[in-house]
Structure formats: structure tokens, C-alpha cells
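If you're wondering where the values come from, they're calculated on a predicted model, not measured in any experiment.
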Amino acid sequence: MLERETKRMNRVMEDLLEFAKPPGLLLGEASVPALVAETIDTFRAAHDPDGALALDVQVPADLPPVRLDATRMQQVLVNLVHNTQKHAAGMTRVRLSARVLDPARVELEVADDGRGIPAADLPRIFEPFFTTGGTGLGLAITRRLVEDHGGTIAVTSSEAGTTFRIVLPVAGPPE
């Protein structure tokens with residue numbers, strides 16, 4: 001129990017430090033299919049070693065590359081899948097998908113089939129310290145990281161599940 005609580009406190013401290021300091025992004029051209037595959041591996045190793053969570057991956061191999069910090073964007077996706085695992089009551093499956101929105105943007109989606117987020121909570125879920133059971137920093141950090149990449153994040157939720165949509169710019173010429 002002492003070891004578990006020490007790890008939990010360490011995670012809380014890491015979240016506070018992450019929230020307090022703006023991240024330095026190491027931007028590069030990245031493959032979305034590779035990013036999603038690495039995210040699944042990282043998630044499984046850290047949060048689902050026995051593979052109990054059903055993950056449905058729908059990512060076309062021919063997506064254009066995006067310009068991002070792969071480590072930070074992987075952190076975003078792992079956080080969203082882990083939040084789903086922790087909070088989506090009645091959930092049986094998580095879908096990770098991606099598609100081209102237009103020539104300049106790619107959309108990543110993390111969707112579950114759980115009971116959804118209460119309507120009263122939806123407007124506040126990206127606020128720092130708003131929580132229904134964690135530190136209240138995970139989604140605030142997630143939003144900041146997405147926006148630091150020049151992207152947007154939105155959420156929709158109903159009794160049929162919750163979907164997080166991240167829109168990122170495709171890679172252009174190196175800056």
C-alpha cells in the first residue's frame with residue numbers, strides 16, 4: 001500500500017509540475033499510424049498489461065504526416081485512453097481513429113461506448129483542478145499540449161459514449 005500511494009503521489013506531483021511549466025516541444029514530421037501504434041504499446045505497458053481493454057484502431061496507412069512532438073502527443077492520447085478506462089462506466093470498447101479533414105488538417109478521435117460524461121460537467125472538464133476522481137490536471141494538460149501544437153480538442157458525450165476529437169495541422173515545409 002505504501003508503494004502504491006507513493007506512486008500516486010509522484011503522479012500528482014508530476015501533473016502539478018507539468019501544469020506549472022509550459023512544455024518545450026520538439027517538433028518534427030510524424031506518421032499518425034506510427035504514433036497511434038506506439039500509443040497503444042505505451043498504454044498497454046503502463047495501464048493494461050493483460051490487454052483486457054478492447055481497443056478498436058481505425059487509422060488509414062496513407063494519412064499525411066503531421067508536425068508534432070511525438071512524445072507529447074503520445075502523452076495526450078495515452079491520457080485520453082486511460083481516462084476512458086478509469087471513468088467510462090459500463091464501457092466495453094475504445095476506438096482510436098484518424099482521418100483527413102481537408103488538405104491542411106488531420107483529425108484523431110478517441111471514443112468509448114460508456115455511459116458518457118454528465119452534461120453539467122462537460123463545460124468544465126478541461127479546467128485545471130476540475131475533477132471527478134483524479135488530480136483535475138490531466139485534461140487541462142491535454143488541452144494545453146494540443147493547443148501548443150496548433151491544434152484543437154473538443155468533446156461530445158451522451159448516454160451512448162464519449163468522443164474526444166483532436167484536430168492537428170498536417171506537416172508543411174520545415175520552419
| Hey, mind stepping through Ile166 and Thr142 against side chain to side chain contact (heavy atoms under 4.5 Å, CB included) and telling me if it holds? | CA-CA 10 Å; Ile166 299 168; Thr142 293; 5.6 Å; no
Query raised in the report: Heavy atoms, side chains only, cut-off 4.5 Å: are Pro64 and Val106 in contact?
Result: yes
Minimum side-chain heavy-atom gap Leu139-Ile153 below 4.5 Å: no
### Task
May I ask you to decide whether Arg99 forms a salt bridge with Glu107, counting only side-chain N to carboxylate O separations under 4.0 Å?
yes
Between Arg105 and Asp102, does at least one N-O distance fall below 4.0 Å, as a salt bridge requires? yes
Nearest heavy-atom approach of Arg44 to Leu53 is NH1-O, 2.9 Å
Rounded to the nearest 0.5 angstrom, the CZ-CG distance for Arg4 and Leu2 is 10.0 Å
Interatomic distance, CE@Met73 vs CG@Asp148, rounded to 0.5 Å, equals 9.0 Å
Nearest heavy-atom approach of Thr163 to Ala111 is OG1-CB, 3.5 Å
Scanning both residues in full, the closest heavy-atom pair of Ala119 with Pro123 reads O-CD, 3.4 Å
Of all heavy-atom pairs linking Gly150 and Pro169, the shortest is O-CD, 3.7 Å
So CG of Asp69 and CD of Gln75: to nearest 0.5 Å the spacing works out to 9.0 Å
Excluding Val167, membership of its hydrophobic cluster (Ile, Leu, Val, Met, Phe, Trp, Tyr; side-chain heavy atoms within less than 4.5 Å) reads Leu101
CZ of Phe43 to CG of Leu80, rounded to nearest 0.5 Å, is 11.0 Å
Distance col, row Leu77:CG vs Thr42:OG1, nearest 0.5 angstrom, shows 10.0 Å
message: If the threshold is 4.0 Å, N to carboxylate O, is there a salt bridge linking Glu147 and Arg144?
response: no
**Message:** Quick check: do Leu55 and Leu96 have side-chain heavy atoms less than 4.5 Å from each other?
**Reply:** yes
(message) Can you confirm whether more than 12 heavy atoms, excluding those of Glu3, are under 6.0 Å from its CD atom?
(response) no
Applying side-chain hydrogen bond (donor to acceptor under 3.5 Å, both in side chains) to Arg143 and not counting sequence neighbours gives none
With sequence neighbours left out, the residues meeting ring pair (Phe, Tyr, Trp, His ring centres under 6.0 Å) with His149 are none
Note: Ala98 and Leu108 closest approach over all heavy atoms is CB-CD2, 3.6 Å
Nearest heavy-atom contact between Val146 and Val76 is CG2-CG1, 3.9 Å
TODO: Hey, can you tell me if His82 and His47 have their rings parallel, tilted or perpendicular (30° and 60° cut-offs)?
DONE: parallel
Exercise for the section: Determine, step by step, whether Gln74 and Glu38 satisfy the side chain to side chain contact (heavy atoms under 4.5 Å, CB included) criterion, reporting the C-alpha distance in whole Å, the side-chain angles of both residues, the deciding distance to 0.1 Å, and the verdict. Expected result: CA-CA 8 Å; Gln74 191 178 102; Glu38 290 171 17; 3.2 Å; yes
- request: Under the side chain to side chain contact (heavy atoms under 4.5 Å, CB included) rule, what do Thr156 and Phe164 come out as? Steps first, then yes or no, please.
  value: CA-CA 7 Å; Thr156 56; Phe164 286 89; over 6 Å; no
Separation between CG (Asp112) and OG (Ser157), nearest 0.5 Å, reads 7.5 Å
Run the numbers on Thr84 and Thr162 for side chain to side chain contact (heavy atoms under 4.5 Å, CB included), then give the verdict. CA-CA 8 Å; Thr84 295; Thr162 300; over 6 Å; no
*Is the shortest side-chain N to carboxylate O distance from Glu109 to Arg165 below 4.0 Å?*
yes
| query | Will you find, in the side chains of Asn83 and Gln85, an N or O donor that is under 3.5 Å from an N or O acceptor? | reply | no
